[in-house]
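Worksheet: one structure, shown below.
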2 protein chains.
Amino acid sequence: MDSPISERPPRMEPAEVTRLLVQHGIAPTQQRLEIASVLLGRRQHLSADELLALVNGEGPVVSKATVYNTLNLFARNGLVREVIVDPSRVLYDSNTSPHHHFYNQSTGELMDIEDRHIAVGSVPDLPEGTVMDGVEVIVRLRNE
Amino acid sequence: MDSPISERPPRMEPAEVTRLLVQHGIAPTQQRLEIASVLLGRRQHLSADELLALVNGEGPVVSKATVYNTLNLFARNGLVREVIVDPSRVLYDSNTSPHHHFYNQSTGELMDIEDRHIAVGSVPDLPEGTVMDGVEVIVRLRNE
DNA sequence: GTCAGTGCAAACCCTTTGCAGAAAG
DNA sequence: CTTTCTGCAAAGGGTTTGCACTGAC
């Protein structure tokens, strides 16, 4: 790991966060604005616990349960993307546009791969009665 | 789910299991043979708990801790493949040849996609000091 | 006798849940 | 007021760990 999560994190400005929440059908409460403004403050991948620490960096603002509940809500409504590469924790990706990931298994580091850099050709016919929810490519790495 | 995991599962024959274990640098103990013969008995995706139930279907043969330890060992040595698509449980894939997956989020069902059915174009340059460990494509589905 | 492998139960850790209190309109 | 949201602590559940026992050379 290398992100200085103890510093004051960059935040998205309140007006824009509010607009995004409403746009995704989420009532903009105090805690949700805090959580979203930190997570969406830049391109990043954070676990619930890391986000909790960032939001509460300067004193308690949000409880752990609220962070978990809120992240589930955000993911369900498409405001953030869940990335499941490590069974020990779910990461939340502030970038919802189509893209893929490098996952360094030695360090736990997750890096974006832009969609245009990795072509996924034809996907076979889907099983009857199902609809596609997304295609993820994970390139697993380890340190040499 | 739809697999009748309560029935007697198909097994790989002992001689072949032993050969595979040794070939992957794993000492062929009684419990490892049991676990491997069931998991490798056919193309399937099983969680540790499901496998435990299958192996012990006709009386206790292997303990839970041994199943977990053994599956980790098998995965580490490339005898089986870990599939991480659901944060609530790791699945073990008896098919180690290159292929991808449909994951039905409504049912938890995991289906193989043969490698030749899904083309992944060029992967960008890897970060310095890392080597590739595999490329997985996960097509997430849900029921209509 | 030595050392790897196994079993058991407890510990772990992330995540979810139940419920009472707080907040918003 | 009414309803939704939040906080706290406890519960949950898959996985790992500590340690003593077993078993194979």
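Proteins get letters first, then strands, A, B, ... in listed order; numbering begins at 1 in each.
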Starting from [atom2] on [N], measure out to [atom1] on [X] and report it in whole angstrom.
X	N	atom1	atom2	result
N56(B)	dG7(C)	CG	P	9 Å
I84(B)	dT15(D)	CD1	P	10 Å
N72(A)	dC5(D)	CG	P	14 Å
I26(B)	dG5(C)	CD1	P	10 Å
E50(A)	dC13(C)	CD	P	16 Å
L52(B)	dC8(C)	CG	P	11 Å
Q31(A)	dA22(C)	CD	P	14 Å
D49(A)	dC14(C)	CG	P	6 Å

Quiz item: OP1, OP2 of dG13(D) versus side-chain N and O of R89(B): anything below 4.0 Å?
Solution: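 Checking dG13(D) against R89(B), no side-chain N or O comes under 4.0 Å of OP1 or OP2.
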Quiz item: Taking only N and O in the side chain of T29(B), is any of them less than 4.0 Å away from OP1 or OP2 of dT6(C)?
Solution: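 For dT6(C), OP1/OP2 do have a side-chain N/O of T29(B) under 4.0 Å.
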Self-check item: Closest-nucleotide 5' rank along DNA chain C - winner of T66(B) and P87(B)
Solution: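 It is T66(B), whose closest nucleotide lies nearer the 5' terminus.
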Quiz item: Which residue lies toward the 5' end of DNA chain C, Y92(A) or V62(B), if each is placed at its nearest nucleotide?
Solution: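 The residue whose closest nucleotide sits nearer the 5' end is V62(B).
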Quiz prompt | Donor-acceptor contact below 3.5 Å, side chain N56(B) vs main chain V61(B) | solution =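 Yes, because the side chain of N56(B) sits within donor-acceptor range (under 3.5 Å) of the backbone of V61(B).
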Practice problem: Would you check if the side chain of S47(B) reaches a backbone N or O of V90(B) as a donor-acceptor pair within less than 3.5 Å? | Solution: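 Checking the backbone N and O of V90(B) against the side chain of S47(B), no donor-acceptor pair under 3.5 Å is found.
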Nearest to the side chain of [X], which nucleotide is it out of [options]?
X	options	answer
Y68(B)	dT15(C), dT6(D), dG14(D)	dG14(D)
A65(B)	dG7(D), dG5(C), dG7(C)	dG7(C)
R32(B)	dT6(D), dT6(C), dT15(D)	dT6(C)

Quiz prompt | Verdict with reasoning, Q105(B) to R142(B), per side chain to side chain donor-acceptor pair (under 3.5 Å) | solution = CA-CA 5 Å; Q105(B) 309 188 109; R142(B) 61 188 155 75; over 6 Å; no
Quiz item: Quick check, are the ring centers of H99(A) and H117(A) under 6.0 angstrom apart?
Solution: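 When the ring centroids of H99(A) and H117(A) are compared, they turn out to be at least 6.0 Å apart.
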Quiz prompt | Distance (rounded to the nearest 0.5 Å) between N104(B) CG and H101(B) NE2 | solution =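 These two atoms lie 14.0 Å from each other.
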With a 4.0 Å cut-off on heavy atoms, is [X] in touch with a base, just the backbone sugar-phosphate, or nothing at all?
X	value
N69(A)	base
S88(A)	sugar-phosphate
V67(B)	nothing

